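The figures here come from the full heavy-atom set of this structure, side chains too, leaving out hydrogens, waters and symmetry mates. All figures in this text were calculated on a predicted structure; none of them were measured in a lab.
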Amino acid sequence: MYVKKFEDLSKDDLGIAGGKGANLGELTQAGIPVPPGFVVTSKTYDKFMRDTGIFSKVMDILDQVDINNTKELQEAAEKIKAIIIETPIPDGISTYITEAYNQLSERVGEEDGADVAIRSSATAEDLPEASFAGQQDTFLHVQGLDNVIEYVRKCWASLFEARAIFYREENNFEHSQVYIAVVVQQMVDSDKAGVMFTVNPSTGENIALIEGSWGLGESVVSGSVTPDNYAVDKETNEVLNVTISDKKTMFTNEEGGTSIQVDVPEDLRKERVLSDEELLELVAMAKRVEGHYGKPQDTEWAFHDGNLFLLQSRPITTLGDSKKEEAEEEEVDLEVLIRGLGASPGLASGTVKVILSLDELDKVQEGDVMVTTMTTPDMVPAMKRATGIVTDEGGVTCHAAIISRELGIPCVVGTGDATTTLKENDEVTADGKKGLVYKGIIKGAESEEASAGAIQVSATPLITVTEVKANVSMAEAAPKAAATGADGVGLLRTEHMMLSTGVHPRKFILDGEEDKLVDTIAEGVLKVADEFYPKPVWYRTLDAPTDEFITLEGGENEPREHNPMLGWRGIRRELDEPEILKAEFKAIKKLHDKGYTNIGIMIPLSQHPSELRRAKELCREVGMEPQVDVEFGMMVEIPAAAILIDEYIAEGIDFVSLGTNDLTQYTLAVDRNNEFVAKHYREEHPAVMALIERTIKHCAAAGVTCSICGQAGSVPHIVEKLVKFGITSVSSNTDAVEEVRKTVARAEKKIMLDAARKQL
């Protein structure tokens, strides 16, 4: 289906409608007041890209770009967007859009064509684990068929904005697997609008945090205005806080159908936007939406002629993120240079870099405090380098605030005049909790430890028999993972450590630089092993598909596989290139020799015990005896491994880890990245659960430690089953560790209670 009305969509249609489209469909079906509209689905985008022959051109450009080179990234993005915008939409595709727009116009009674908002809706956005805030474009007050078609194409092009390319690379989203849908929705010419978090996004408290301003909500979302700020207790409906701001600018509809930014009338600038009655109406909506989704939401709302509309809803992705505020309490003696709103908690000290245009982004280096009028999505690469963010405008729901919380960077917004008060190269400390910027450096705030993001954990940690571990992909993420109180690392991926060098591991070997490869691996693993010592860290040997190797220096001769996920990867590849595997073993031996004996080795994607046997032989060749000098285990990701688990145990293993992401797709023959069959991908499928149960019980009988590191390990009702089966540990994403521990504790308690009741 190439075009679908909101009424025909639900949250399960992410693959074809994208995050915005799927959520708008879900809200419509739930009876929430949502302006009507339709979605030009991702299938339409895919058909356009492939029928016109431009898909391969775009992917070729992306293969060559260095995302950390801001200028090169911008140039590549502009080139790709120009290709898409200048390519005509075939008649067969434009017909779908024409029919849907005409039906919407008739429905809302606009003979000249409906006035609509056209919003990009990428299929990887608004996910529970990632927010793509501002990554693609939105166009307001679009009217007329020709304009609608033109702006749909511009939305498609915005999938390749520099900011979007950068974010996907940083979050390991494959460009070729991210599609874009386009939402076409009746425009609400709002009197007042804004954003509402159904809980406090920084603390998780059950308080609705609402920001609003005059006109369209674009001024609040973009951060071009410092909005009024309201806090309401959702349990008592008590209005806890009202902060009235000087709202200098607003977006409104110009005659002729375009959205323009104008000055707020003088008598409204410092006037309160929302009454108590309107706040309570919003809170009632918050409860309703949160109850429907079963989790906190980040929403956009608008009032028009006294009627409340919900324009968007998505999961809050930053709950629990906080900063270690380990710096000394000397800040009370420091001079406060400027005051604003605390938008992302923590302390960040560094050198001021004032950014007034995108051309100046390269000024921001590691450890600088970035000061700007308001951040835009194009600034994300520079924001990632900064130790803290300070803005003139914006509230705690603006772009700068959302992205800073996700990146784990202290942020102060709405200061009014930071760009003129703070001087280039001054040394300052930003307090993202209090909303203050101090003169000078606070001891400890400039250090890596003090500025690294941390996860809040319970004051009294739960004790569980089943261990709860963390998955780690990047060495830089180890402090955050360790701060959860995790019982170790159930999966330390090596791919990022190798791929980040930009050099194919085989090239190190061919160039006679094996020692350099060994040191690179050892340095990365050391950061994690040291952070968690003496807790166990299970290092998984290299498992990068060939399509990830191709772009590396020395990767020109990589085979072009039709389906790399089923191809030359994991232990099967490493046994064909044993020198690379031996380099990994040498790196682990080097760390063991230094006393880091908490590191275990885990081989991936094994289908037969003979592969385990050969890997152990190579380990011996570097002077390390498996199961004596080092714990040695394997992933169970292939049905064959689960079925032959007794033979693997006989061959000799200390532990196994269930990789349920691959195990599910290989058991069900479902590519989890393929939107056409994604609905069939279910970890709780009886066949998958049977293989999991078999593996856990056979390992338990043999005294072999058994863990799980796939996505299923973060799903509560599956975790309960795993505990009942007798799993030894569960390894989840860092942000899910505390919730998984709670689930494990409940499951263990239930098992004990059930056993006690049977004895009565």
Participant: Donor-acceptor pair, Glu26 side chain versus Lys11 backbone, under 3.5 Å?
Facilitator: yes
Participant: Any Lys/Arg nitrogen of Arg506 or Glu579 sitting under 4.0 Å from an Asp/Glu carboxylate oxygen of the other?
Facilitator: no
Participant: I'd like to know whether Ile16 forms a side-chain contact (heavy atoms from CB on, under 4.5 Å) with Leu9, so could you lay out the CA-CA distance, the side-chain angles of the two residues, the decisive distance to 0.1 Å, and finally the verdict.
Facilitator: CA-CA 9 Å; Ile16 62 168; Leu9 293 167; 4.3 Å; yes
Participant: List the atom of Ser657, the atom of Gly490, and the distance in Å for their closest heavy-atom pair.
Facilitator: OG-O, 4.2 Å
Participant: Exactly one of Val465, Val719, Leu722 should register a side chain to side chain contact (heavy atoms under 4.5 Å, CB included) with Val744. Which one does?
Facilitator: Val719
Participant: Glu621 and salt bridge (charged side-chain N to carboxylate O under 4.0 Å, His left out): which partner among Lys589, Lys616, Arg614?
Facilitator: Arg614
Participant: Salt-bridged, Lys721 to Glu684, with N to O below 4.0 Å?
Facilitator: no
Participant: Compare every heavy atom of Thr667 with every heavy atom of Ala687, then report the nearest pair and how far apart it is.
Facilitator: CB-CG2, 3.9 Å
Participant: How long is the span from the CD atom in Gln665 to the NE2 atom in His680, to the nearest 0.5 Å?
Facilitator: 14.5 Å
Participant: Does atom NZ of Lys724 have more than 12 heavy-atom neighbours, drawn from other residues, nucleotides or ligands, at distances under 6.0 Å?
Facilitator: no
Participant: Look up atom CD in Glu693 and atom CZ in Phe725, then write down how far apart they are to the nearest 0.5 Å.
Facilitator: 4.0 Å
Participant: Quick test of your reading of the model: are Glu625 and Arg620 salt-bridged, counting only N-O distances below 4.0 Å?
Facilitator: yes
Participant: Can you name the closest pair of heavy atoms from Ser313 and Gln297 and give their distance?
Facilitator: OG-OE1, 2.8 Å
Participant: Could you check Tyr666 against Leu566 for side-chain contact (heavy atoms from CB on, under 4.5 Å), going step by step and ending with a plain yes or no?
Facilitator: CA-CA 9 Å; Tyr666 294 151; Leu566 292 174; 3.3 Å; yes
Participant: Answer yes or no: is there an ion pair linking Arg572 with Glu637, defined by an N-O contact shorter than 4.0 Å?
Facilitator: no
Participant: Decide yes or no for Lys590 and Asp519: does some side-chain heavy atom of the first lie under 4.5 Å from some side-chain heavy atom of the second?
Facilitator: yes
Participant: Can you see whether Glu683 engages Thr660 through a side-chain donor-acceptor pair at a distance of less than 3.5 angstrom?
Facilitator: no
Participant: Please find the pair of heavy atoms, one from Gly595 and one from Tyr533, that lie closest to each other, and give the distance.
Facilitator: O-CE1, 3.6 Å
Participant: Report yes or no: do Glu748 and Thr464 form a side-chain donor-acceptor pair below 3.5 Å?
Facilitator: no
Participant: Might you point out which heavy atoms bring Val528 and Val472 nearest each other, and give the distance in Å?
Facilitator: CG2-CG1, 4.3 Å
Participant: Would you kindly say whether Ser10 and Gln29 are connected by a side-chain donor-acceptor distance under 3.5 Å?
Facilitator: no
Participant: Mind checking whether Tyr293 and Leu27 have side chains closer than 4.5 Å, heavy atoms only?
Facilitator: yes
Participant: Assess whether a salt bridge exists between Asp487 and Lys469, defined as any Lys/Arg side-chain N lying under 4.0 Å from an Asp/Glu carboxylate O.
Facilitator: no
Participant: Quick check: closest heavy atoms across Gly652 and Leu612, and the distance to 0.1 Å?
Facilitator: O-CD2, 4.0 Å
